Number of protein chains: 2
Amino acid sequence: MPNRKIATPISLVEVKTACSNCNLHELCLPMGLSHDEVEKLDELVSNRRRLKRGEHLYRAGEPFDSIFAVRSGFFKTDVLLEDGREQVTGFQMTGELLGLDGISTEIHSCNAVALEDSEVCAIPFSHLEGLSREIHTLQHHFHKVMSREIVRDHGVMMLLGTMRAEERLAAFLLNLSQRFTARGYSPAEFYLRMTREEIGSYLGLKLETVSRAFSRFQEEGLIAVQQKHVRILNIPGLKQLMNHQQGRG
Amino acid sequence: MPNRKIATPISLVEVKTACSNCNLHELCLPMGLSHDEVEKLDELVSNRRRLKRGEHLYRAGEPFDSIFAVRSGFFKTDVLLEDGREQVTGFQMTGELLGLDGISTEIHSCNAVALEDSEVCAIPFSHLEGLSREIHTLQHHFHKVMSREIVRDHGVMMLLGTMRAEERLAAFLLNLSQRFTARGYSPAEFYLRMTREEIGSYLGLKLETVSRAFSRFQEEGLIAVQQKHVRILNIPGLKQLMNHQQGRG
DNA sequence: CGCGCTGTTGAAACTTGTCAAAGTTTGTGG
DNA sequence: CCACAAACTTTGACAAGTTTCAACAGCGCG
C-alpha cells in the first residue's frame, strides 16, 4: 500500500481505510467506479491525516499539491482580505473535497480549518490527473465534482446577493439538513459545528443578526435551538420563508 | 476540417478561425499547447456560433453538451429563483469560457446572454475530455481554468459578503480594468456593456445604489462616467477605497 | 471554580432599498 | 430623417433592515 512515509510500517487501520474499503463510496471520488477501478484509486490515496479541532489543513499562500477528501469530521474554508476582513466560503463534511481552489495557481487561495477532530485522505493532484487519463469514469466524475462546486458557489452568490437575513439562515439550515440526510443522519436534528460568527461570515451577516434570526425562528416555532443544537420543526415553513419574501436591505 | 453540419461547404472564414489561427491563444483553452497540439484542438472546435445582442447562448434547464469559448463580444450569466429574483453570476469577455456549470448535472444551471453581438466557439465536452486524456497540457490547463472559476467565485462571495456598496463598485471597475488590460485595451477607459441593473444584480445592489455610487466616484474625481462610458482617473484611489473602508450595511 | 469564549438581547446609527419623478439615450416606424 | 416610445439613468425623500455598541448570561475548558 503506497504511503508517502515509506519507512513507516503499514498499520491495519490504514489498510482498512483505502477507498475500496471506505464506506464513503457513494459520496466521494470513487463514486460510480468499478471494483477494479477503485483498487487503482487506492494506490493514489497516499496519505491520511488527522486534524484536531482548530487545526489548519492548509493555509492561503502555501503550495498546492494534493486535494483532500474529508473522511470524518467537519471543515470550513475562508478567504482573507488585506484589511483583515474574512469570508467563510464553505463548510465541508464527510465525502466532500477540499483544495480545488489550489489547482489554478498551484498555491492555495484559501484556508481550510477543522471545526472538529477530523480525518482526511490526501490525493496528490498529479496522480489524480494521471489516473484520470486512464479511467474515463474517474475523469468525468472529477469534472462533475468541480462543476458542482461552481454551481454551489453560484447558489451562495444568489443567497448573498438577493436574500435577506432570515432567508439566508433558512437556506443555510435547509442545506445542512439535506447534506446530513444524504449521509444517513436525521434531516431535522443536528449539532452545528461552527460558531454564530462563522455562520454569519458565510452568510454575509454579523453574528448578532444570525443570533436574532435563530431566536425569531424559535419564536415562530420553525426550529428549536439551544446553542449549537438545532431541531427543525417545520421544514416546509423554512422553505416558504426562503422563497416567498421579497427585497433586501 | 470537421464540422457538425457535414454537408455545408467550409468557408475560408471558418478555416481561419480555427484555434491554430486564432489570436486568443494566450487567453483561451489552447494556452501553453504546442503547435501540433493546437492542431488537434482545432478538430475539436466543431462549431462557431454568432449571437445578436440579447440572444441566449443557453438557458437554465437545457441539456448540456458543449462548453463555449468567447471569440468576440460580451456575455452575462445569471441564475433565477422560483420567486423571480435574479442574480448575475458573471460577465464573460473574449477568451473566457462559458458553460462549465453544465458539466455537473449535464443540464445548464444558469442562463448565458450576449450583451453585444458576439461570437463563440462550441467545444463538445466529451471531445474535450477525450483529447484531455491524450494531451496532458490540455488536461491540466482545463483543470486550472475550472479551478480559476472557483477562485473567482470566492472573490465574488467576499465582495458580496463583506463589502459595502462603493467598495463593491470599485472592485468591479478594477476587475474590468484588469481584464481589458489583459486583452490589450486601455486599463483606464472602456464602455460598459451592461446596464446599471445588471451591475447591481452582480454586486448585490439595487440599480439606484449603483447609480449613486457612480455619481459619488465622479464627484470625488475617481472616475469620469457618462452613461456606459467610463474613464478611470485614479486607480490607486479606487484600490484604497476598496481596501481601507470598514463595516457594511 | 472561575475566566474566557460564545451567544443573546436592546437601542441607536447607518447603509441601502423603495418609491417617485424627471431627464437622457436608444431604437423603431413612419 | 424625424418623431415618438421604450428603456435606461439620475436624483430626492423616506422607510426598512442590518450593523454597531453595549451589557449581560451561559457554557466549557483548564
Side-chain angles (χ1 to χ4, degrees), chain A residues 52-54 76 84-88 113 115-117 159-170 172 191-220 223-230 241 245-249, chain B residues 52-55 76 84-88 113 115-117 159-170 172 191-219 223-230 241 245-249:
Chain A
K52 287 263 170 230
R53 183 154 81 92
K76 72 166 177 183
R85 282 182 283 189
E86 179 190 350
Q87 173 77 23
V88 170
V113 186
L115 295 183
E116 60 181 24
D117 293 359
L159 179 147
L160 292 171
T162 74
M163 292 185 181
R164 49 181 52 185
E166 293 187 9
E167 296 176 289
R168 295 185 199 190
L169 186 63
F172 175 69
Y191 280 89
L192 299 170
R193 269 68 173 192
M194 67 297 279
T195 66
R196 300 287 188 265
E197 184 167 22
E198 286 162 336
I199 297 173
S201 172
Y202 182 62
L203 299 179
L205 301 168
K206 292 295 167 188
L207 67 95
E208 294 94 331
T209 309
V210 174
S211 178
R212 279 185 248 270
F214 269 119
S215 301
R216 192 122 206 287
F217 285 179
Q218 175 139 272
E219 280 168 29
E220 290 169 0
I223 64 173
V225 58
Q226 196 173 33
Q227 305 292 132
K228 295 200 154 59
H229 178 241
V230 174
L241 176 64
Q245 237 166 285
Q246 276 299 7
R248 45 162 260 105
Chain B
K52 288 263 169 228
R53 183 155 81 90
E55 217 178 313
K76 72 165 177 183
R85 282 182 283 188
E86 180 190 349
Q87 172 79 22
V88 171
V113 186
L115 295 182
E116 61 182 23
D117 293 359
L159 179 147
L160 292 170
T162 73
M163 292 185 182
R164 48 182 52 187
E166 292 186 9
E167 296 176 289
R168 296 184 199 189
L169 187 62
F172 175 69
Y191 280 88
L192 299 170
R193 268 71 172 189
M194 68 297 279
T195 66
R196 299 289 188 264
E197 185 166 22
E198 286 162 336
I199 297 173
S201 172
Y202 182 61
L203 299 179
L205 302 168
K206 293 294 166 187
L207 68 96
E208 295 93 332
T209 308
V210 174
S211 179
R212 279 186 248 270
F214 269 121
S215 302
R216 194 121 204 287
F217 285 179
Q218 175 139 271
E219 280 168 29
I223 65 173
V225 56
Q226 196 173 32
Q227 305 292 132
K228 295 201 154 60
H229 179 243
V230 173
L241 176 64
Q245 238 167 285
Q246 277 300 7
R248 43 164 262 104

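Computed from a predicted structure; not experimentally measured. Throughout, protein chains are lettered first and strands after them, A, B, ... in sequence-line order, and every chain is numbered starting at 1.
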Just the rounded figure in Å: distance from [atom2] of [N] to [atom1] of [X].
X: A:Arg164; N: D:dT19; atom1: CZ; atom2: C1'; value: 16 Å
X: A:Leu203; N: D:dT19; atom1: CG; atom2: P; value: 10 Å
X: A:Tyr191; N: C:dT6; atom1: OH; atom2: C1'; value: 16 Å
X: A:Leu205; N: D:dG17; atom1: CG; atom2: C1'; value: 11 Å
X: B:Leu192; N: D:dT9; atom1: CG; atom2: C1'; value: 13 Å
X: B:Leu207; N: D:dT10; atom1: CG; atom2: P; value: 9 Å
X: B:Glu197; N: D:dA7; atom1: CD; atom2: P; value: 12 Å
X: A:Arg216; N: C:dG10; atom1: CZ; atom2: C1'; value: 16 Å

#### Entry: Under 4.0 Å protein heavy-atom contact, by nucleotide of nucleotides 25-30 of chain D - B base, S sugar-phosphate only
------
Ignoring hydrogens and angles, tell me if any N or O in the side chain of [X] forms a donor-acceptor pair with the backbone of [Y] under 3.5 Å.
X: B:Arg193; Y: B:Leu115; result: no
X: B:Glu55; Y: B:Val113; result: no
X: B:Arg196; Y: B:Gln227; result: yes
X: A:Arg168; Y: A:Leu203; result: yes

#### Entry: SB check A:Arg53 A:Asp117 (cutoff 4.0 Å)
no
### For A:Leu207, the option from A:Glu197, A:Arg212, A:Glu198 that meets side-chain contact (heavy atoms from CB on, under 4.5 Å)
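Only one option passes, and that is A:Glu197.
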### Query
So what does A:Thr195 touch, heavy atoms closer than 4.0 Å: a base, only the sugar-phosphate, or nothing?
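Sugar-phosphate contact only - A:Thr195 comes under 4.0 Å of backbone atoms but never of a base.
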### Message
Categorize A:Ser215 for me: base, sugar-phosphate, or nothing, with a 4.0 angstrom heavy-atom threshold over every strand shown.
### Response
sugar-phosphate
### Message
Using 0.5 Å steps for rounding, measure from the CD1 atom of B:Ile199 to the CZ atom of B:Phe214.
### Response
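Interatomic distance, B:Ile199 CD1 to B:Phe214 CZ, rounded to 0.5 Å: 4.0 Å.
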### Message
Going by the rule ring pair (Phe, Tyr, Trp, His ring centres under 6.0 Å), which residues pair with B:Tyr202 if we only count those two or more places apart in sequence or in a different chain?
### Response
B:Phe91, B:Phe172
Phosphate OP1/OP2 of [N]: any [X] side-chain N/O under 4.0 Å:
X: A:Lys228; N: C:dG7; answer: yes
X: A:Thr209; N: D:dT19; answer: yes
X: B:Arg196; N: D:dC8; answer: no
X: A:Lys206; N: D:dC21; answer: no

Pairs under 3.5 angstrom, nitrogen or oxygen only, protein versus nucleotides 12-14 of chain D, please.
from	atom 1	to	atom 2	distance (Å)
D:dG12	N7	B:Arg212	NH1	2.9
D:dG12	O6	B:Arg212	NH2	3.3
D:dA13	N6	B:Arg212	NH2	3.4

### Task
Take A:Glu166 and A:Arg216 through the test side-chain contact (heavy atoms from CB on, under 4.5 Å) and record every step on the way to the result.
CA-CA 9 Å; A:Glu166 293 187 9; A:Arg216 192 122 206 287; 3.1 Å; yes
